[in-house]
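Values below: all heavy atoms of this structure, side chains included; hydrogens, waters and symmetry mates excluded.
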Amino acid sequence: MSDMMKKVEQKTGVNSNDIMKLAKSVNGMDLSNEQNIRRLVKQVSRMANKRVSKQTEDMIVKALKGKKINQSTISKML
């Protein structure tokens, strides 16, 4: 396991294997499709054991559909 993955696992409490499975499932996913985005947000929320409000979910969907998002933007939303 890479040092980066160890750090992510320690910080989030999410198993690195689960993170890798999620990354593979996102690869090729149509992130312009609102249902796909909402499904992804819910999946990540469950993995991290963090509740994402409807308002935050809507903000993430809007940002991803408009392609006006980056990692720091998502971090600020959460």
Side-chain angles (χ1 to χ4, degrees):
M1 180 183 335
S2 73
D3 288 340
M4 182 186 80
M5 288 305 293
K6 286 179 187 176
K7 288 179 183 179
V8 170
E9 193 173 83
Q10 289 171 347
K11 185 172 182 172
T12 64
V14 178
N15 181 290
S16 61
N17 290 329
D18 292 339
I19 295 169
M20 294 307 293
K21 287 178 189 175
L22 176 66
K24 287 179 183 178
S25 74
V26 172
N27 189 21
M29 182 183 285
D30 179 7
L31 292 179
S32 64
N33 181 302
E34 185 172 331
Q35 288 179 322
N36 287 345
I37 297 169
R38 291 188 187 279
R39 195 174 310 121
L40 179 61
V41 169
K42 288 179 174 105
Q43 186 177 3
V44 171
S45 173
R46 281 191 305 272
M47 284 176 62
N49 199 27
K50 300 284 183 181
R51 185 183 176 286
V52 175
S53 70
K54 176 73 169 140
Q55 180 182 6
T56 299
E57 183 179 316
D58 290 344
M59 287 172 43
I60 293 170
V61 168
K62 182 178 178 183
L64 282 174
K65 285 186 74 175
K67 295 184 173 65
K68 298 176 185 174
I69 195 163
N70 58 39
Q71 184 178 357
S72 65
T73 303
I74 292 175
S75 295
K76 290 176 187 175
M77 289 179 185
L78 302 174

Contact list for residues 47-60, test salt bridge (charged side-chain N to carboxylate O under 4.0 Å, His left out), sequence neighbours left out | R38-E57, R38-D58, K42-E57, K54-D58

Heavy atoms only: give me the nearest L22-M47 pair and the separation to one decimal.
-> CD2-SD, 3.9 Å

Between T12 and V8, what is the shortest heavy-atom contact and its length?
-> OG1-O, 2.7 Å

N17: partners by side chain to side chain contact (heavy atoms under 4.5 Å, CB included), with sequence neighbours left out | N15

Result of checking V26, L64, V41, D30 against N36 for side chain to side chain contact (heavy atoms under 4.5 Å, CB included) = D30

Minimum-distance pair of heavy atoms, taken over all atoms of L31 and I37 = O-CD1, 2.9 Å

All side chain to side chain contact (heavy atoms under 4.5 Å, CB included) counterparts of N27, not counting sequence neighbours | none

Kindly compute the distance separating OG (S16) from NZ (K7), expressed to the nearest 0.5 Å.
-> 15.0 Å

